[in-house]
2 protein chains.
Amino acid sequence: MARSPTNPLAEDIYARVKDDIFDFRLLPGQRFTETEMAQRYGVSRTPVRDALYRLKREGFLDVAFRSGWSVQPLDFELFDELYDMRIVLETAAIERLCHCEDVSALEPLARVWLAGSAERCRDPREVSGLDEAFHIGLVELAGNRQMARVHRELTEKIRVVRRLRFPEAFAHRNDL
Amino acid sequence: MARSPTNPLAEDIYARVKDDIFDFRLLPGQRFTETEMAQRYGVSRTPVRDALYRLKREGFLDVAFRSGWSVQPLDFELFDELYDMRIVLETAAIERLCHCEDVSALEPLARVWLAGSAERCRDPREVSGLDEAFHIGLVELAGNRQMARVHRELTEKIRVVRRLRFPEAFAHRNDL
DNA sequence: GTAGATTTGTACGTATGTATA
DNA sequence: CTATACATACGTACAAATCTA
């Protein structure tokens with residue numbers, strides 16, 4: 001029995017808006033309204049609001065009382081802090097993995113990370129995805145699911161600036 | 001110009017529901033509906049839903065598709081993981097504070113922590129609050145606001161189980 | 001298995017505060 | 001300064017899925 005997701009529409013809008021931010025179809029600082037978004041995605045304002053408020057709580061968007069929404073501008077101090085915390089969490093994860101007897105769990109990660117130059121993937125977008133998965137997988141293996149969750153959220157927040165540094169990775173951002 | 005809060009009603013309901021959880025007026029595992037909560041707080045379902053979904057994202061509540069809400073049951077593995085991560089974050093914070101030249105910023109914390117037995121506060125509820133503030137203040141002083149935010153959220157999630165261990169602290173939970 | 005009651009999910013209408021001509 | 005347009009915050013109505021007798 002596959003239980004239904006809780007807010008299918010709102011969930012979908014959430015993912016689409018977030019991707020629009022990551023792919024710079026919504027630019028940092030850009031302003032917009034709930035009605036615009038509702039028309040853009042072909043739904044009512046209700047699921048849009050759910051999605052927008054969730055993205056606001058996660059730091060991707062900003063809203064002013066009865067005065068419209070905006071994409072959170074790039075804040076490099078913020079990114080510094082996020083990178084800094086990522087180091088803290090990953091260091092703690094690695095320390096725990098070092099004290100672990102069974103290293104076989106590291107195998108799948110090693111296979112990706114130690115890929116020979118022949119089998120190495122060249123698409124920057126995919127490389128970036130593999131890199132994210134590697135970091136996330138490392139922390140997951142340490143066994144603390146809360147640390148893994150925070151680390152995953154944190155990695156997502158950094159994603160936008162990582163893409164800025166690999167411009168070729170999203171050269172096809174207008175494909176969709 | 002003091003800018004208005006964004007969703008005054010929803011914000012208020014959010015705080016009240018959270019306190020109801022902390023003070024065990026809403027018990028772990030207890031089920032309820034949006035309509036009940038709307039009547040309980042004298043508002044419509046809209047701000048209630050905003051508040052409930054926020055608390056769900058933060059792990060305090062659970063919702064099943066068209067089938068009602070429930071307070072997240074106590075999960076001691078979860079609390080172990082949260083305590084564990086708290087140690088990681090506070091250790092990192094302390095390491096940074098140790099490398100810091102200027103220790104004068106620690107003064108206010110020391111004054112609370114090193115209170116003489118005479119001036120020591122005896123109300124367990126207040127002691128608990130001071131303890132939380134001490135831990136939070138410590139991490140804040142380390143200067144990474146994101147780490148401080150995560151640590152603060154994490155401390156809130158632990159609060160309910162801390163109160164379980166200090167039952168006398170909320171003996172008057174029916175006062176209100 | 002089915003019908004009815006229940007509950008959320010979404011759409012839509014109204015009120016209130018904001019910005020601007 | 002005032003009035004008007006506009007955007008969100010909240011309330012309400014309805015649809016769809018779930019539970020239960």
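A salt bridge is defined here as a Lys NZ or Arg NE, NH1 or NH2 lying under 4.0 Å from an Asp or Glu carboxylate O, and B:Glu153 with B:Arg149 meets this definition. Salt bridge status for B:Glu58 with B:Arg54: present, with a side-chain N to carboxylate O gap under 4.0 Å. With respect to the salt-bridge test (charged N to carboxylate O, under 4.0 angstrom), the residues B:Arg25 and B:Asp19 do not qualify.
Five base pairs at each end of the helix from C:dT2-D:dA21 to C:dA21-D:dT2 define two local axes, and these are offset by 0° (rounded to 10°).
Counting only residues at least two apart or in different chains, side-chain hydrogen bond (donor to acceptor under 3.5 Å, both in side chains) contacts with residues 63-75 of chain A comprise A:Glu34-A:Trp69.
In terms of the side chain to side chain donor-acceptor pair (under 3.5 Å) criterion, residue partners of B:Glu90 (sequence neighbours excluded) are, by chain and number, B:His135, B:His151. Remark: A:Asp131 pairs with A:Arg162 by the salt bridge (Lys or Arg N to Asp or Glu O under 4.0 Å) rule, at least two apart or across chains. Residues passing the side chain to side chain donor-acceptor pair (under 3.5 Å) test with B:Glu126: none are found, sequence neighbours excluded.
Rounded to an integer number of Å, the gap from CG of A:Leu61 to C1' of D:dT8 is 15 Å. In this structure, the CZ atom of A:Phe32 is 19 Å from the P atom of D:dC6, given to the nearest Å. Rounded to an integer number of Å, the gap from B:Leu52 CG to C:dT8 C1' is 11 Å.
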I'd like a table of atom pairs between the protein and nucleotides 9-16 of chain C - only N or O on both sides, under 3.5 Å - with the distance next to each one.
residue, atom, partner, partner atom, Å
C:dG9, OP1, A:Thr6, O, 2.4
C:dG9, OP1, A:Asn7, OD1, 2.8
C:dG9, OP1, B:Tyr53, OH, 3.3
C:dG9, OP2, A:Asn7, OD1, 3.4
C:dG9, OP2, B:Arg49, NH1, 3.1
C:dG9, OP2, B:Tyr53, OH, 2.2
C:dG9, O4', B:Arg66, NH1, 3.3
C:dG9, N7, B:Arg45, NH2, 3.1
C:dG9, O6, B:Arg45, NH1, 3.1
C:dT10, OP1, A:Leu9, N, 2.7
C:dA11, OP2, A:Ser44, N, 2.8
C:dA11, OP2, A:Ser44, OG, 2.5
C:dA11, O5', A:Ser44, OG, 3.3
C:dA11, N7, A:Thr46, OG1, 2.6
C:dC12, N4, A:Thr46, OG1, 3.4
C:dT16, O2, A:Arg66, NE, 3.3
C:dT16, O2, A:Arg66, NH1, 2.8

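In terms of phosphate contacts, A:Ser67 brings a side-chain nitrogen or oxygen within less than 4.0 Å of OP1 or OP2 of C:dA19.
Counted within 6.0 Å of CZ on A:Arg40, heavy atoms from surrounding residues, nucleotides or ligands total more than 12; the atom is thus considered enclosed.
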